[in-house]
Amino acid sequence: MKNIGLDFSVLNDRINGSFDYFWNDITDMLGWANTSSLSMFSTYPINGGHIRRYGWDATINTLNIDTRDFKWNSTLTLSHYNAVWKERMPNYDFNEFQKRKDEPLNALYFYRTDGIIKSDLSNMPAHQPEAFRQPGCPILKDLNNDGEITVADIDMVNVVPKLYLGFNNSFSYKDWTLDIFMYSQLGLKKYNYIYDWINAADLASQQSNQSVYMKDVWHSELNPDGRLPGVAWSQAGVALPGGAGTDIGYENASFLRVRNITLGYNFRKSTLGVVGKYIESLRIYLDAQNPFTFTSFKTYDPEVQTGGGYKGGKAEYPMTRVFSAGINLVF
């Protein structure tokens, strides 16, 4: 584990903070290999592999306003983390399309899509695979422009946030206080499990309920401009070269969430009269947790996903929104 850090302070400590960069090498991890056919056990433990985790953290504290009656402090935190394979286990079998060097631990491989084939096939490119030349199938992108869809057209993204951000502001005016904390994850793709419940074939056979987003599924008569694949895609039953999937169902999961808003009032002992003799401090407050979330991720919570990777898995529930009031009393 290695770390380099810097602390700083300027303008008589009105602005201060820190920056840290780290990297952590994890080697000789424990894995398993198959034994010979006459062995008593089917597998045996082996050591190998090398993962490197690295990233940075930055914190900036500022005293924005400091007067007799009014004060305003801010804290900004920024972070970025990543992890890559420097060396795989000795018995690891790579897929043809996989990155051999410095592959992210959270690599996602897929074929990119570009719209839906129309009923008259007028927008179907020549490179579209034979099994997916039906109206309602997604159009696959020929990334290397060689005129055919092969494993060379499989793209990869690292499904970890490019940036974590936290921002806290504390205000005080005489006996009033206001604290607002928000945080964000930016540059992240996630699969939206709502698309597990959007299947034209299941709707036609009435096997299960479907999501309201069935309205976005392509249909030659009812929805010729639909953005989601139609029944031909779900019934194709043919794997793409290399066995990789598509980007259908993956969405931008970046978000900004207001985590806490707390408004409080501190009573002065001099204003409490006779009661002030028995009370050390008295504060009342109103608090809102998770009141606002700003994201383009549809329906579900972009941060908390509880569903399994299978249809009919655990239901998705968002972060709980809580409003409360309280009293802090010290005798």
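All residue numbers in this chain count up from 1 along the given sequence. Because only heavy atoms are used, hydrogens play no part in the values below, and waters and symmetry mates are left out as well, while side chains stay in.
Relative orientation of the W233 and F132 rings is tilted, given thresholds of 30° and 60° on the angle between their planes. Between F292 and F294, the ring planes are parallel. Angles under 30° get that label, and only those over 60° would be called perpendicular. Taking the six-membered ring where the residue is Trp, W72 and F171 present parallel rings, their angle staying beneath 30° rather than reaching 60°.
In terms of modelled atom types and a separation under 3.5 Å, the side chain of T67 and the main chain of F70 share a donor-acceptor contact. Listed for the T35 side chain is a donor-acceptor partner under 3.5 Å among the backbone atoms of F41. Checking side-chain atoms of N95 against main-chain N and O of Q98 turns up no donor-acceptor pair under 3.5 Å. Remark: the backbone N or O of G55 is not paired with any side-chain donor or acceptor of H80 at under 3.5 angstrom. At distances below 3.5 Å, at least one donor-acceptor pair connects side-chain atoms of W218 with backbone N or O atoms of P224. Checked by atom type and distance alone, the side chain of D301 pairs as donor or acceptor with a backbone atom of M319 at under 3.5 Å. The backbone N or O of Y250 lies less than 3.5 Å from no partner atom in the side chain of K190, so there is not a single donor-acceptor pair. Proximity of a side-chain donor or acceptor of R259 to a complementary backbone N or O of G166 within less than 3.5 Å is not detected. One N or O on the side chain of R321 and one on the backbone of N290 form a donor-acceptor pair closer than 3.5 Å.
With 3.5 Å as the limit, one finds a donor-acceptor pair spanning the side chains of S254 and N252. Side chains of T62 and N64: a donor on one and an acceptor on the other come within 3.5 Å. Checking T43 against N34 by side-chain atom types alone, no donor-acceptor pair falls below 3.5 Å. No side-chain donor from either of N260 and T262 sits under 3.5 Å from a side-chain acceptor of the other. Inspection of the S170 and N73 side chains reveals no N or O donor paired with an N or O acceptor under 3.5 Å. Side-chain contact, D175 with N266: no donor N or O sits under 3.5 Å from an acceptor N or O. Between the side chains of Y191 and E251, no donor-acceptor pair is found at a separation under 3.5 Å. Looking at D179 and N169, their side chains never bring a donor and an acceptor atom within 3.5 Å of each other.
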Step by step, would you call R53 with I26 a side chain to side chain contact (heavy atoms under 4.5 Å, CB included)? CA-CA 8 Å; R53 295 192 178 103; I26 304 170; 2.5 Å; yes
Using the rule given for side chain to side chain contact (heavy atoms under 4.5 Å, CB included), can you reason through L108 versus N106, listing the C-alpha separation, both sets of side-chain angles and the distance that settles it, and then say yes or no? CA-CA 6 Å; L108 171 65; N106 295 284; over 6 Å; no
Test log, rule side chain to side chain contact (heavy atoms under 4.5 Å, CB included), inputs V84 and N82: CA-CA 7 Å; V84 297; N82 197 16; 3.9 Å; yes
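Centroid-to-centroid, the aromatic rings of Y265 and W176 come within less than 6.0 Å. For Y164 and Y81, the gap between ring centers is short of 6.0 Å. Ring-centre distance between W23 and Y21: below the 6.0 Å cut-off.
For the side chain to side chain donor-acceptor pair (under 3.5 Å) condition, the pairs that include at least one residue of residues 134-145, sequence neighbours left out, are N144-D146.
By the 6.0 Å and 45° rule, R257 stacks over the aromatic ring of F255.
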